[in-house]
Amino acid sequence: MSNQVRVRLAPSPTGYLHLGTLRVALYNYAYAKKNKGSFILRIEDTDQNRLVTDAVENIISTLKTIGVDFDEGPNKGGNFGPYVQSERLDIYKKYIDELVNKGFAYHCFCDKETLDEMRAKQIAKKEDPKYDRRCLKLSKEEVQARIERGDSYVIRLRMPNDRVFAFDDAIRGLVEINSNQVDDQVILKSDGFPTYHLAACVDDHLMEISHVFRGEEWISSTPKHLWLYECLGWQAPKFVHLPLIMNTDHSKLSKRKNDVSVENYLQKGYPVAAIINYIALIGWHTADDREFFSLEDLCQEFSLERVNKANGVFDIVKLNWMAGMYIREMSDMDLAEKCRPYFIKAGYDVSDENKFLAVMDNAKDRISCYSEAIEHSKMFYEDLIITEEDKEILAQEESQMVLKYFIENADNIPWGDKEELGLFIKAGSKELAIKGKKYFFPLRISLFGSSHGPDIPKLFAILGKEETIKRMETVLH
RNA sequence: GACCCCUUCGUCUAGUGGUUAGGACUCAAGAUUUUCAUUCUUGCAACAGGGGUUCGAUUCCCCUAGGGGUCGCCA
């Protein structure tokens, strides 16, 4: 086996790309790039019951928009294909036969009810629930006869008794588990598909995977994999068990408590760079105080040694902050590109480019994702809804004087020049001898629909002469 | 329950056998701004507990506790 780094992302298409999977993808990709290795995408669709129709498309397209591109995989090819497990059934069959022939695996005819009952009894007796190997006692002839009779069966891996399986995890160091803890895992299901355990091990070996990055939840089944490699006479890859991403309440990140699909954040319009940056930092960090990393930075800086052991909480509040930081870095023009589709979808006419740019300038400081720009901008595209309280403010004599002043001076207002505009507005306060709230609230309420919001010059700039005057006239008595 | 993994502010984390235990988010206060947002400044806030080892432990070892994971013909 070569020393080449070959890593793989092996999602099962049971849903859209998950935040946890994204992080594994990021680490895989960064590790491959850093070590000039290869990053492979393999689809693990051995569970035919849980397939989600467009999951594979979503996984591939999401990885693409994230910018994590794979060197080998479905639709891309490579020397180790096919890269979809359902297309590799004959390969698995071959190794399963080998395991059976060598006595490392055996047929099991127990049905669900039998197994459920077995488990229930064991639990009642406070024993560890495990397959009791009753089918291991079946003779070759008996097995053959039942197969020919058409009985449904699975094939189980026979674990050795009382043997300590040890491996040197890249994150955790030495991990030891006694085989007595491990069940005789089903490796071939009755529908003819292999289980994860068999398929992943065979593929990782055949695809010459050097490092297996996966979630910590796999630690306890690693002995099965180690044993499988041993039975097949293969060398096991290096295991890299990553800490898990958790909900705020420290339960495993779940749909119930969080939006877990990357698609969701993409749809809301979180900057891709922010998603990458934030997710990469759950469980990994450089030695310094730096916390802004592009995907390229990650490829340069990433190292297994600095991956944390402890699980990390997904904190949407910090994601929001980080996303906002990325958005504030963008030019109005770039932000407009990103936000435009959301505005069009909302039915707003954004054909006035200058106005839209001014709207972006206003939204920029207030949002974490592009879709949020709508709620901070709709007042520039819709009729205003003014509260009774604010209507009372507008009705006051001084308010009416302020509005009248601007309407009458419409032609003298330096609309185009931000600085001049500011000076003009200030001068108005002096001339009318109305200042503070009394001066600014009627302006903001009439133009924006609320006493709190953007600067008055900004509002003038966004709305332009015609709309500004029109809005003022609407509330003039 | 058994086994495995983990444990620095509420959260993400840096860190060392001797540090005022550092940064970021959140929160609070102040500054800037006519208001809101942004920005800036300051502040609040942590080494899970108990034993060792040591001149000295947050750091090394052990135990306990707590959290998480696994115990499927799911991955």
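Lettering follows sequence order; numbering is per chain, from 1.
The base of B/A24 is paired with the side chain of A/Lys318 by a donor and an acceptor separated by under 3.5 Å. Residue side chain A/Ser220 does not reach the base of B/C4 through any donor-acceptor N/O pair under 3.5 Å, judged by distance alone. Side-chain to base pairing of A/Arg156 with B/C73: no donor and acceptor N or O lie closer than 3.5 Å to each other.
Whole-Å rounding puts the A/Asp288 CG to B/C12 C1' distance at 15 Å. Rounded to whole Å, the distance from CG on A/Leu51 to C1' on B/A75 is 12 Å. A straight line from CZ of A/Arg214 to P of B/C5 spans 15 Å, rounded to a whole angstrom. Across the protein-nucleic acid pair, A/Phe293 atom CZ and B/C12 atom P stand 17 Å apart, rounded to whole Å. Straight-line distance from the CD atom of A/Glu329 to the C1' atom of B/U38: 13 Å, rounded to whole Å. The CG-P distance, from A/Asp184 to B/U70, rounds to 20 Å in whole Å. Remark: P of B/C12 and CD1 of A/Ile316 are 15 Å apart, rounded to the nearest angstrom. At whole-Å resolution of the value, NE2 in A/His250 and P in B/A48 are 14 Å apart.
Nucleic acid contact class of A/Met246 (heavy atoms, under 4.0 Å, all strands): sugar-phosphate only. Using a 4.0 Å heavy-atom cutoff across all strands shown, A/Val317 reaches sugar-phosphate atoms only and no base atom. Among the heavy atoms of the strands, none lies under 4.0 Å from A/Thr248. Nucleic acid contact for A/Gly312: sugar-phosphate only, since backbone atoms but no base atoms lie under 4.0 Å from a heavy atom of the residue. Using a 4.0 Å heavy-atom criterion, one finds that A/Gly215 contacts no nucleic acid atom at all. Heavy atoms of A/Lys126 sit nowhere under 4.0 angstrom from any nucleic acid atom. Contacts of A/Glu176 with the nucleic acid, taken as non-hydrogen atoms under 4.0 Å apart, involve only primed sugar atoms and P, OP1 or OP2. Residue contacts for A/Arg172: at a heavy-atom cut-off of 4.0 Å it reaches the sugar-phosphate backbone alone, with no base atom in range. Contacts of A/Pro243 with the nucleic acid, taken as non-hydrogen atoms under 4.0 Å apart, are absent. A/Leu244 comes within 4.0 angstrom of sugar-phosphate atoms only, judged by non-hydrogen atoms across all strands, and of no base.
In terms of phosphate contacts, A/Lys252 brings a side-chain nitrogen or oxygen within less than 4.0 Å of OP1 or OP2 of B/U70. The phosphate of B/U70 (OP1 or OP2) has no side-chain N or O of A/Lys130 nearer than 4.0 angstrom. Using a 4.0 Å cut-off, some side-chain N or O of A/Lys189 falls inside it from OP1 or OP2 of B/C74. Put simply, A/Arg328 has a side-chain N or O that comes within less than 4.0 Å of OP1 or OP2 on B/U39. In this model, the phosphate group of B/A14 is approached by a side-chain N or O of A/Asn308 to a distance below 4.0 Å at OP1 or OP2. An OP1 or OP2 oxygen of B/G72 is reached within less than 4.0 angstrom by a side-chain nitrogen or oxygen of A/Arg119. Checking the phosphate oxygens (OP1, OP2) of B/A75, a side-chain nitrogen or oxygen of A/Thr46 falls inside 4.0 Å.
With A/Asp184 as the partner, the salt bridge (charged side-chain N to carboxylate O under 4.0 Å, His left out) test is satisfied by one option alone out of A/Arg133, A/Arg158, A/Lys130: A/Arg133. With A/His241 as reference, A/Arg214 is the one residue of A/Arg172, A/Arg214, A/Glu216 to meet the side chain to side chain donor-acceptor pair (under 3.5 Å) rule. Only one option out of A/Glu230, A/His197, A/Gln185 pairs with A/His225 in a side chain to side chain donor-acceptor pair (under 3.5 Å); it is A/His197.
A side-chain donor from one of A/Asp162 and A/Asn178 sits under 3.5 Å from a side-chain acceptor of the other.
B/G1 is paired with B/C71 under the criterion used here, namely a Watson-Crick or G-U wobble arrangement in which both key atom distances are under 3.5 Å. Shown here, B/U7 forms a base pair with B/A65; the pair counts as Watson-Crick or G-U wobble because both key distances fall under 3.5 Å. Nucleotide B/A28 is matched to B/U42 when pairs are restricted to Watson-Crick or G-U wobble geometry with both distances under 3.5 angstrom.
Using the six-membered ring where Trp is involved, A/Phe356 and A/Phe343 have ring planes that are perpendicular, over 60° apart on the 30 and 60° scheme.
Per the stacking criterion (ring centres < 5.5 Å, plane angle < 30°), A/Phe440 stacks onto the base of B/U34.
Taking only side-chain atoms of A/Trp321, from C-beta outward, the nucleotide of B/C71, B/A75, B/U26 with the closest atom is B/U26. For A/Gln181, taking side-chain heavy atoms from C-beta onward, the closest of the listed nucleotides B/C3, B/U33, B/A75 is B/C3. Taking every side-chain heavy atom of A/Glu216 into account, B/G68 is the closest of B/U34, B/C12, B/G68. With distances taken from any side-chain atom of A/Asp455 to the nucleotides B/C73, B/C74, B/C36, the minimum falls on B/C36. Taking the side chain of A/Arg444 as heavy atoms from C-beta on, and the options B/U13, B/C73, B/U35, the nearest nucleotide is B/U35.
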Q.
Please evaluate residues A/Arg119 and A/Asp116 with respect to the criterion salt bridge (Lys or Arg N to Asp or Glu O under 4.0 Å), reporting the C-alpha separation (whole Å), side-chain torsions for both, the decisive distance (0.1 Å), and the verdict.
A. CA-CA 5 Å; A/Arg119 254 191 291 275; A/Asp116 286 347; 3.5 Å; yes
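Comparing the same atom, C1', in B/G66 and in B/G49 gives a spacing of 10 Å after rounding to whole Å. Across the C1' atoms, B/U16 and B/A75 are found 41 Å apart, a figure rounded to whole Å. Taking the P atoms as reference points, B/C44 lies 15 Å from B/A29, given to the whole Å.
Looking at every heavy atom in both residues, A/Pro237 comes nearest to A/Val212 through CG-CG2, 3.5 Å. The minimum heavy-atom distance linking A/Pro160 with A/Ser179 is given by the pair O-OG, 2.7 Å.
Proximity of a side-chain donor or acceptor of A/Asp47 to a complementary backbone N or O of A/Asn49 within less than 3.5 Å is detected.
Each of A/Gln185 and A/Met325 lies near RNA chain B, and the nucleotide nearest A/Met325 is the one positioned closer to the 5' end. The residue among A/Gln85 and A/Ser451 whose nearest nucleotide of RNA chain B lies closer to the 5′ end is A/Ser451.
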